[in-house]
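Just below is one structure, and these are the notes that go with it.
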Amino acid sequence: MNAGRQGSYKSNTINTDESRLRRHEITVELRKSKKEDHLFKRRNIKEDDLVSPLKEPNSQSATSMSLDEIIVAMRSEDPGKQFVGMQGARKLLSRERNPPIDLMIGQGIVPICIQFLQKMDNPLLQFEAAWALTNIASGNSDQTRCVIENNAVPHFVTLLQSDNINLAEQCVWALGNIAGDGSAPRDIVLQNNVVAGVLKLIDKDTSLSLLRNIVWLMSNLCRNKNPTPPFEEIKRLLPVLSQLLCGTDVQVLADACWALSYVTDDNNTKIQAVVDVEAVPRLVNLLGAEDPSIIIPALRSVGNIVTGTDPQTDAVISAGGLAKLMNLLKHPKHNIVKEAAWTVSNITAGNQAQIQAVIESGIFVELRNVLEHGDFKSQKEAAYAVTNTTTSGTPEQVIDLIEKYQIFKPFCDLLEAKDPRTVVVVLSGLTNLFALASKLGGTENLCLMLEEMGGLDKLENLQQHENEDIYKKAFAIIDTYFSDGDEAEAKLAPQEVNGSLEFNANQSKAPEGGFTF
């Protein structure tokens, strides 16, 4: 496979700059459009969510204590007053709108909460302190940093093993908020041996509420780059994450898929680690889920895996991935169609056996529909899938696109796309098609096809395009294949046989009987 072509269209160990840029663009778009589906921080504002042991009446009403009274109570030596003050502070921080986080930090409650976390003989006080710190850490980075700098993380990790399961769960939540704040806070959490702590919490008796919080924490531990998390730690989570893909809870499945999408958005070694824990068939299966909150991260994970090596891509194909991707190309959500087309484009950047699998799956029927009717982002990815096939495929495979799947017209229509990158991709594909036709003696026929469908006019218009790459590519095609007086080419023109045009069967690489367009 040509290394330059690989660098342009598929991730590999030689040159990944172009494909990494494309993948990053998609990641940013998806993050912007689907933020609500995967929150990186969460504030605990409802006791019922946690099955709190504290079921006082009207528990979410504003505390009757003033802020000064709360602080005085928290600083008291009386355990009863400490609890009342701590609970009052927690209630203020649990207010749904405008919790006074900075005000509470300014009053110095964070170090007091840390002291209360260490009161092993008073789990209810520990729980209230952990809850308050969770909500402080749900704020901005400065607020989260205050919790970290007061050394809360090691205490939270220790309390993961508390006999009070509500307390342990609240600490999971707090650690999730801290890890979700960025690479540096995430690594502080990892350095405190959080992986061992959370793995001990998962067993057949783990409540659904706790499991959801644990998997959300795991996803935040896997997230963020510059730098990526230490892989030796993250690798320990992979067998559990893979097993969780067999469950039924939407939230658990979604967060497990997000975690694996972060891990696979990296080099082939990390992709292989995900393949090795048998996650691929489970991820592919989840492409058939009904809930988009599962489909999107599962699709992102599968899409990342097929940017890897040929055997890694084969794992997706062997698991039935192509049939699932074909269905997703018909999905009503545009961003799912776009990511499915992007995934297919990376498969068609593979070897000829993989391209043949794509062709035989019938995916090009749906890709043609995307080229004709999809939104412009999906059309661009579908165009990549076609151009990659013209680059890597056999002559028979390429001609299948033209004859069997009638790709040529909707593909050429994208020469009028507003996005310059899409136009460049289509021009590259056209250049490949003309080079193949030239080898097979079918240039005149291809020129005629292009002209009849208005493609030549589009090419001529592109010679005025402000993008230098576009006008040079358009000019090169016109200059090479549409210049007058090419007698040599005329001799290679296809002959009419039984009502269809046939390439000269004696030309290089043409199968017996020739090709018809």
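At least one side-chain heavy atom of Glu372 sits under 4.5 Å from a side-chain heavy atom of Asn369.
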task = Show the numbers, then the answer: is there a side-chain contact (heavy atoms from CB on, under 4.5 Å) between Thr313 and Ile305?
result = CA-CA 7 Å; Thr313 300; Ile305 290 166; over 6 Å; no
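When the options Lys225, Lys270, Arg300 are evaluated for a side chain to side chain donor-acceptor pair (under 3.5 Å) with Asp265, the one that passes is Lys225.
For Ser242 (side chain) and Val277 (main-chain N/O), a donor-acceptor pair under 3.5 Å exists by modelled atom type.
The environment of CG in Asp205 is crowded: more than 12 heavy-atom neighbours from other residues, nucleotides or ligands sit within 6.0 Å.
Sequence neighbours left out, the pairs with a member in residues 180-194 that pass side chain to side chain donor-acceptor pair (under 3.5 Å) are Lys41-Asp181, Ser141-Asp181.
One side chain, Thr134 or Gln170, offers a donor N or O that lies under 3.5 Å from an acceptor on the other. Side chains of Ser301 and Asn304: a donor-acceptor N/O pair is absent below 3.5 angstrom, by distance only. Side-chain contact check for Gln272 and Asp276: at least one donor-acceptor pair (N or O, by modelled atom type) lies under 3.5 Å. Side chains of Gln354 and Thr348: a donor-acceptor N/O pair is absent below 3.5 angstrom, by distance only.
Under the 30°/60° scheme for interplanar angles, the aromatic rings of Trp131 and Phe127 are found to stand perpendicular.
The pair Asp249-Arg212 meets the salt-bridge criterion, with a side-chain N (NZ, NE, NH1 or NH2) lying under 4.0 Å from an Asp/Glu carboxylate O.
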